[in-house]
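A short write-up of the structure that comes next.
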Protein chains: 2
Amino acid sequence: MDTKASITIHDIARELNISASTVSRALNNNPRISKETKDRIKAKALEMGYQPNTIASNLRNQKTNTIGIVVPLINRHFFSAFISGVEEVAFAKGYNVIISQSNDLLEKEKQIVHSLFSNRVDGLIASLSMQTNEFDHYQLFSKKKIPIVFFDRVVPELEAHKIVVDDFGVGFKATEHLIEQGYKRIAHLAGPTVLHTYRDRMNGYRAALEKYNFEIDENLIIHNRLTRIDGQDAIKQLLALPQPPDAVFCGNDTSALSMIVYLKKIGVRIPEDFGIIGFSDEPFSEVVTPSISTLKQPAFDMGVKAGELLIQEIESKTRLKEHVTYTVPTELIQRESSSRKK
Amino acid sequence: MDTKASITIHDIARELNISASTVSRALNNNPRISKETKDRIKAKALEMGYQPNTIASNLRNQKTNTIGIVVPLINRHFFSAFISGVEEVAFAKGYNVIISQSNDLLEKEKQIVHSLFSNRVDGLIASLSMQTNEFDHYQLFSKKKIPIVFFDRVVPELEAHKIVVDDFGVGFKATEHLIEQGYKRIAHLAGPTVLHTYRDRMNGYRAALEKYNFEIDENLIIHNRLTRIDGQDAIKQLLALPQPPDAVFCGNDTSALSMIVYLKKIGVRIPEDFGIIGFSDEPFSEVVTPSISTLKQPAFDMGVKAGELLIQEIESKTRLKEHVTYTVPTELIQRESSSRKK
DNA sequence: GTGAAAGCGCTAACAG
DNA sequence: CTGTTAGCGCTTTCAC
């Protein structure tokens with residue numbers, strides 16, 4: 001019978017005629033156990049095929065060595081790269097990672113957060129769903145001083161650590177780049193203004209235009225959800241203006257791509273007649289024709305940073321008073337879609 | 001003080017002057033508790049902000065409602081889409097998902113599998129690392145009759161459930177498609193033959209050639225790891241042959257893309273002079289120029305299937321005697337890179 | 001319909 | 001250096 005219940009430290013203890021606590025200590029390398037008995041115990045454990053029961057140990061220690069991650073959708077390049085980064089540091093430091101996706105639904109996000117709490121994760125890393133406009137569920141954690149790190153989609157109101165990109169800088173750099181390339185009328189396809197992220201980027205865009213004494217024309221700013229369809233609709237709308245733009249800074253690479261596809265179809269030359277820059281450097285951005293200029297969001301590094309910050313906070317006895325916000329730099333990647341000058 | 005230890009069922013019991021077992025039963029909707037007391041208890045629990053301790057319950061129940069996933073790398077489209085599928089069914093059925101990446105390293109894979117076992121996951125879903133040539137670590141699970149589902153990279157020797165694509169069919173369909181498009185000398189860029197997956201695809205390729213009475217030229221079959229560099233090296237090598245091919249079936253879209261980039265650079269027209277078909281339908285495949293013909297691996301659906309199969313097995317009292325293998329169909333997606341005929 | 005008591009497997013005082 | 005004992009929070013027989 002191999003269905004027999006797992007062997008426990010008691011089984012080992014019995015075999016060796018010693019106490020379970022000694023076994024426990026030996027297995028945990030407690031210095032108070034003589035090397036000799038340690039070896040004997042470990043050998044026996046191996047022989048018997050002992051596998052520690054982490055659950056029991058977790059319960060006893062009030063620590064699970066597990067961190068929870070909440071993302072809108074695992075299957076999106078930015079998030080999976082981020083998670084990959086978190087997992088890497090987590091594993092290195094002996095933590096497991098429980099991952100859940102909210103599907104951008106507030107209700108599911110709430111359930112997940114409760115579930116992770118009940119599973120007593122030692123810390124939480126989360127990016128808010130698009131719907132999230134209340135934050136009580138996170139109070140569970142903050143009340144018990146369990147550290148949280150938010151990333152990407154964060155809200156200023158929330159008292160927690162944050163990892164974000166410099167959105168203002170993103171808008172500014174992208175716009176300035178287009179100006180430097182000699183484009184004269186620059187539009188902006190922005191995401192929903194309810195999200196801070198997009199507001200900041202738009203402000204960066206405005207600031208760059210102002211710096212170079214460009215007129216700010218509200219007709220050139222379009223808000224939508226930045227899907228492929230949205231990108232196509234937006235470029236049509238822009239070209240139909242009495243004074244259409246000759247370049248656009250898109251809120252993501254997906255919408256930038258769909259604009260490019262449309263512009264190519266109607267015979268507009270990129271970058272000669274029209275310049276485009278996107279955001280986030282998707283895997284396809286480098287390989288499409290023309291390749292898409294963009295700003296790279298260092299997803300993996302953000303994950304590493306988030307993991308490190310969280311674990312450090314978990315393991316420090318004293319919780320940080322201040323909530324830190326890491327603003328990670330973005331890198332402008334100039335490719336064909338905006339390279340009018342050499 | 002809110003750092004005070006969490007409230008337990010005992011706290012609720014004390015407040016209500018009843019026993020902890022009654023509270024436990026009420027919270028679990030045990031029918032033997034009167035509706036009235038149930039309501040009283042639940043109200044109190046809510047009022048006191050009670051959050052069940054899943055760890056304790058897991059220990060007692062010898063069940064964690066958690067499934068472990070092992071993949072080579074989270075941040076790859078196929079795997080993240082697969083995981084997304086697993087997570088979806090898991091969540092719906094009340095399971096958590098612990099994810100780890102092996103980084104294609106056998107040693108890390110072993111560590112992970114042990115760790116997941118120690119965490120007493122109720123079941124395991126895994127895709128082997130490229131290095132994996134021993135399987136003892138999985139015996140842990142099979143010995144204790146904990147169900148495992150392997151997917152994608154599987155080995156026939158392993159006694160477990162499997163979810164795979166029809167690799168032979170993949171090779172056959174891809175090759176036949178190129179033949180139908182009028183290509184005359186068809187090469188194959190294959191992965192390492194140690195992996196069954198790649199052997200089967202190659203056999204499909206051979207079978208298709210035979211069916212149409214094409215000569216099988218071993219010089220046209222190249223084995224490597226299918227990276228971008230590998231793709232470029234392979235196409236150079238192929239073109240340098242005395243009788244170079246006029247089409248190639250690549251083991252993945254990444255190598256297909258790098259071939260396309262190279263061929264464009266040296267002025268070879270695709271698909272007129274040279275045909276290419278890849279495998280797995282990466283996000284970029286549709287949007288590059290020319291778009292890449294490929295076979296779509298239904299990653300998300302495979303994840304759903306794996307999750308369902310595993311959970312069903314977990315929850316059935318009797319383990320299936322027979323190990324089932326689901327072969328999921330792949331769909332040929334014809335795009336520009338191979339469309340010589342209309 | 002409810003309570004008392006034992007125990008899941010492990011760890012950590014405390015004692016020696 | 002090692003053993004005894006108690007307990008993490010929950011569930012579940014077994015009583016009544």
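Residue numbers begin at 1 in each chain, while the letters A, B, ... track the order of the sequences.
Across the protein-nucleic acid pair, A/Asn119 atom CG and D/dC8 atom C1' stand 16 Å apart, rounded to whole Å. Between the CD1 atom of A/Ile12 and the P atom of C/dG9 there is a distance of 13 Å, rounded to whole Å. B/Arg14 places its CZ atom 12 Å from the P atom of D/dC10, with the value rounded to the nearest Å. When rounded to the nearest whole Å, the span between CZ of A/Arg60 and C1' of C/dT11 equals 4 Å. Atom CG of A/Asp11 is separated from atom C1' of C/dG9 by 10 Å (rounded to the nearest Å). Put simply, CZ on A/Arg120 is 21 Å from P on C/dC10, counting in whole angstrom units.
One finds no side-chain N or O of B/Tyr50 lying less than 4.0 angstrom from the OP1 or OP2 phosphate oxygen of D/dG9. In this model, the phosphate group of D/dG9 is not approached by any side-chain N or O of B/Thr8 to a distance below 4.0 Å at OP1 or OP2. Regarding contacts with the backbone of D/dG7, every side-chain N or O of A/Gln62 stays at 4.0 angstrom or more from both OP1 and OP2. Contact check, A/Asn28 against C/dC10: no side-chain N or O comes under 4.0 Å of OP1 or OP2. For B/Ser57, no side-chain nitrogen or oxygen approaches OP1 or OP2 of D/dC10 to under 4.0 Å.
Minimum atom distance to the side chain of B/Ile33 is reached by C/dT2, of the listed C/dT2, D/dC10, D/dG3. Nearest nucleotide to the side chain of A/Ser19, out of C/dG9, D/dG3, C/dA12: D/dG3.
A/Thr54 comes within 4.0 angstrom of no nucleic acid atom, judged by non-hydrogen atoms across all strands. A/Ser24 comes within contact range of at least one nucleobase, with a heavy-atom separation under 4.0 Å. Among the heavy atoms of the strands, none lies under 4.0 Å from A/Ile55. B/Asn58 comes within 4.0 angstrom of no nucleic acid atom, judged by non-hydrogen atoms across all strands.
The cationic group of A/Lys162 does not satisfy the cation-pi geometry with A/Phe151, failing either the under 6.0 Å distance to the six-membered ring centre or the 45° limit from the ring axis.
Between B/Arg25 and A/Thr22, the residue whose closest nucleotide on DNA chain D is further toward the 5' end is A/Thr22. Across the interface with DNA chain C, nearest-nucleotide mapping of B/Ser21 and A/His10 shows B/Ser21 to be the residue nearer the 5′ end.
Exactly one residue among A/Phe117, A/Phe150, A/Phe135 makes a ring pair (Phe, Tyr, Trp, His ring centres under 6.0 Å) with A/Phe141. That residue is A/Phe117.
A donor-acceptor contact under 3.5 Å is not formed by the side chain of B/Ser34 with the base of C/dT2.
Between the side chain of B/Lys38 and the backbone N or O of B/Val23, no donor-acceptor pair lies under 3.5 Å. A donor-acceptor pair under 3.5 Å is formed between the side chain of B/Asp122 and the backbone N or O of B/Thr64.
No hydrogens or angles considered: nothing links the side chains of B/Asn96 and B/Asn65 as a donor-acceptor pair under 3.5 Å.
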